[in-house]
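For reference, the structure discussed in these notes is given below.
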Amino acid sequence: MGLEEKRVEVAGVEWYYLEQRPAKETDKPPVVLLHGMPSLSFCWTEVMPGLAQEGFRSVAPDWIGFGLSGKPEKSKFAYTPDAFVAALDNFLTTLDIDRCYLVVQGFLGSVGLQFALRHPDKVLRLAVLNAPVTPDSQLPWKMQQLGLPLMGEMMTQDPLLVDRTLEAGSKYTISDADLDIYRRPFLKSSAAGRSLMWTIRNLKLKQAMAEIAEGFPQWDKPTLILWGVQDPWLPLTQGESFAGSIKNAELVKLAEAGHYPQEHWSEEVTKALIPFFRRMEV
């Protein structure tokens, strides 16, 4: 089956998501793929077909406030980690996903990690791609300024911020065709920029890193850490430190990839994910 675009309303907010099912249904857990900032579910479209070929159903949502998902006012959605974690839980429940293999990336990856810690029964395996994972992880200045008073209000209304941020993080030129997809939400409405600004202002990264640092030494689920070594914002040493803090973790280095490995190194990412998901537990 091919990649499908779907929508579902959860607690009064519409979620947009991509889904791809294998040609023959299996009993394998679904793979949930979470994008970072200022990315979209679209970033996983080169990974999902490979998963389907190996019998895995995959689901990649646009986070609330991003892409084609709903962008409620902050009076109705707090744009905090707690709000995102609760919303993700409700989304998966609505899709009848009670257990999954979870893949997180980027500066919303911390929310995915918090979800895993708070709902360990729902995450059977965890894969982490270039996400903040240690107390010294910080939002890069390029993202910090999007949350500043006045400056943030102006900058997040500029569709070119997507180009500058994605290309700065990946260290590769993104095709115009792909950039058209990433820019589209910012061209359709000012709500996309406001949602990004509120997310950055309320990410509470320091508190999130404290929760992650405290919780993951007790984490015992199989964990794969895939790290783009050329990431200008999150150095390899952070991925190495995180891997060393977890009992059942392995680290795979992607020598030429940057902050968004699934964008330019999707084949390598897929080749690492599939054996990790297929591996029998000892």
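Values below: every heavy atom of this structure, side chains too, minus hydrogens, waters and symmetry copies.
Aromatic ring centroids of F84 and F115 lie 6.0 Å or more apart. Ring centroid separation for the pair F42 and H35 does not come in under the 6.0 Å cut-off. Aromatic rings of Y101 and F276 (six-membered ring for Trp) have centroids beyond the 6.0 Å cut-off, not under it.
Put simply, the side chain of S69 never gets that close to the backbone of G65: no donor and acceptor are under 3.5 Å apart. Proximity of a side-chain donor or acceptor of Q230 to a complementary backbone N or O of K171 within less than 3.5 Å is not detected. Under a 3.5 Å cut-off, the side chain of D62 and the backbone N or O of L40 do not form any donor-acceptor pair. In this structure a side-chain-to-backbone donor-acceptor pair under 3.5 Å is missing from K253 to W227. Of the possible polar contacts, none joining the D231 side chain to the G258 backbone as a donor-acceptor pair under 3.5 Å is found. Side-chain N or O atoms of T156 include none that pairs as donor or acceptor with a backbone N or O of M197 at under 3.5 Å. No donor-acceptor pair under 3.5 Å is formed between the side chain of Q53 and the backbone N or O of G50. Without hydrogens or angle criteria, S137 side chain to V133 main chain gives a donor-acceptor distance under 3.5 Å. Formation of a donor-acceptor pair under 3.5 Å by the W63 side chain with backbone atoms of L88 is not found in this model.
The minimum heavy-atom distance linking V13 with G70 is given by the pair CG1-CA, 4.1 Å. The heavy-atom pair separating D136 from Q238 by the smallest distance is O-NE2, 3.7 Å. Between T165 and K142, the closest heavy-atom pair is CA-CD, 3.8 Å. In terms of heavy-atom proximity, L124 sits nearest to P29 at CD1-CG, 3.6 Å. For P38 against Y260, the heavy-atom pair with the smallest separation is CD-OH, 3.5 Å. When every heavy atom of I200 is checked against every heavy atom of Q144, the shortest pair comes out as CG2-O, 4.4 Å.
The shortest side-chain heavy-atom distance between Q138 and L234 does not fall under the 4.5 Å cut-off. With contacts defined as side-chain heavy-atom distances shorter than 4.5 Å, the pair H264/I174 qualifies. Between H119 and V85 the shortest side-chain heavy-atom distance falls below 4.5 Å. Side chains of L129 and V104 form no contact here, defined as non-hydrogen atoms less than 4.5 Å apart. With a 4.5 Å cut-off on side-chain heavy atoms, P132 and W233 do not count as touching. Counting only heavy atoms from C-beta outward, the side chains of V103 and V31 approach each other to under 4.5 Å. In this structure, E4 and L18 have side chains that are not in contact, with every pair of non-hydrogen atoms separated by 4.5 Å or more. Side-chain contact between Q114 and Q207: absent, with no pair of heavy atoms (C-beta onward) separated by less than 4.5 Å.
If you chain together hydrophobic residues whose side chains sit under 4.5 Å apart, F66 and L187 never meet in one group. Note on V47 and I274: same hydrophobic cluster, where clusters join Ile, Leu, Val, Met, Phe, Trp and Tyr whose side-chain heavy atoms are under 4.5 Å apart, directly or indirectly. In the hydrophobic clustering of ILVMFWY residues, with side-chain heavy atoms under 4.5 Å counting as a link, L102 and I212 come out together. Follow the hydrophobic side-chain contacts under 4.5 Å out from F91 and you reach F77 in the same cluster. Both W44 and F277 are part of a single hydrophobic cluster, where members link through side-chain heavy atoms under 4.5 Å apart.
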- Item | Test log, rule side-chain contact (heavy atoms from CB on, under 4.5 Å), inputs W265 and E256 | CA-CA 8 Å; W265 298 93; E256 297 182 71; 3.3 Å; yes
- Message: Quick one, S189 with K71, criterion side-chain contact (heavy atoms from CB on, under 4.5 Å). Give me CA distance, side-chain angles, the key distance, then yes/no.
- Response: CA-CA 10 Å; S189 167; K71 300 169 184 65; 5.8 Å; no
- Query: Step by step, would you call V10 with I64 a side-chain contact (heavy atoms from CB on, under 4.5 Å)?
  - Reply: CA-CA 10 Å; V10 183; I64 290 178; over 6 Å; no
- Task: Apply side-chain contact (heavy atoms from CB on, under 4.5 Å) to the pair V59 and L92, showing each step before the final yes or no.
- Result: CA-CA 10 Å; V59 173; L92 295 179; 5.7 Å; no
- Task: Test salt bridge (charged side-chain N to carboxylate O under 4.0 Å, His left out) on R7 and E19 and set out the steps.
- Result: CA-CA 10 Å; R7 288 174 169 83; E19 181 172 10; over 6 Å; no
- Given salt bridge (charged side-chain N to carboxylate O under 4.0 Å, His left out), test K206 with E211 step by step and report yes or no. CA-CA 9 Å; K206 185 176 181 180; E211 181 178 350; over 6 Å; no
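Once rounded to the nearest 0.5 Å, the distance linking CG of L126 with CG of L113 reads 6.0 Å. Of the inter-residue distances, the one linking E46 atom CD with L3 atom CG reads 9.5 Å to the nearest 0.5 angstrom. In this structure, CG on D163 lies 8.5 Å from CG on D176, to the nearest 0.5 angstrom. A distance of 10.0 Å separates CD in Q145 from CG in L161, rounded to the nearest 0.5 Å. Once rounded to the nearest 0.5 Å, the distance linking CG of D82 with NZ of K204 reads 6.5 Å. Here the CE atom belonging to M154 is positioned 10.0 Å from the CG atom belonging to L148, to the nearest 0.5 angstrom.
Under the 4.0 Å criterion applied to side-chain N and carboxylate O atoms, R118 and D89 are not assigned as salt-bridge partners. Between E25 and R57 there is no salt bridge, since no side-chain N of the basic residue sits under 4.0 Å from a carboxylate O of the acidic one.
Enclosure of atom NZ in K74 is not indicated, since only 12 or fewer non-hydrogen atoms of other residues, nucleotides or ligands lie within 6.0 angstrom. Within 6.0 Å of atom CD in E267, 12 or fewer heavy atoms from other residues, nucleotides or ligands are found, so the atom counts as exposed in its surroundings. Residue Q218 qualifies as enclosed at atom CD: its count of foreign heavy atoms under 6.0 Å is above 12. When the shell of 6.0 Å around NZ of K28 is examined, it contains more than 12 heavy atoms from other residues, nucleotides or ligands. By the neighbour-count criterion of 12 heavy atoms within 6.0 Å, atom CD of E268 is densely surrounded, having more than that number from other residues, nucleotides or ligands. Within a 6.0 Å radius of CZ in R99, other residues, nucleotides and ligands contribute 12 heavy atoms or fewer.
For D220 and N248, the side-chain atoms include no donor-acceptor pair closer than 3.5 Å. For the 3.5 Å distance criterion, the side chains of Y16 and E5 qualify, holding a donor opposite an acceptor. Side-chain N/O atoms of T80 and N202 include no donor and acceptor closer than 3.5 Å. For Q262 and Q105, the side-chain atoms include at least one donor-acceptor pair closer than 3.5 Å. In this model, no donor atom of one side chain and acceptor atom of the other lie less than 3.5 Å apart for Q20 and S58.
With sequence neighbours excluded, the residues satisfying ring-ring contact (aromatic ring centres under 6.0 Å, His included) with F216 are W219, F242.
Taking the six-membered ring where tryptophan is involved, the planes of W198 and Y79 are tilted, since the angle between them lies from 30° to 60°.
For the pair K6 and Y17, the cation does not sit on the ring face, since its NZ or CZ is not both under 6.0 Å from the ring centre and inside 45° of the axis.
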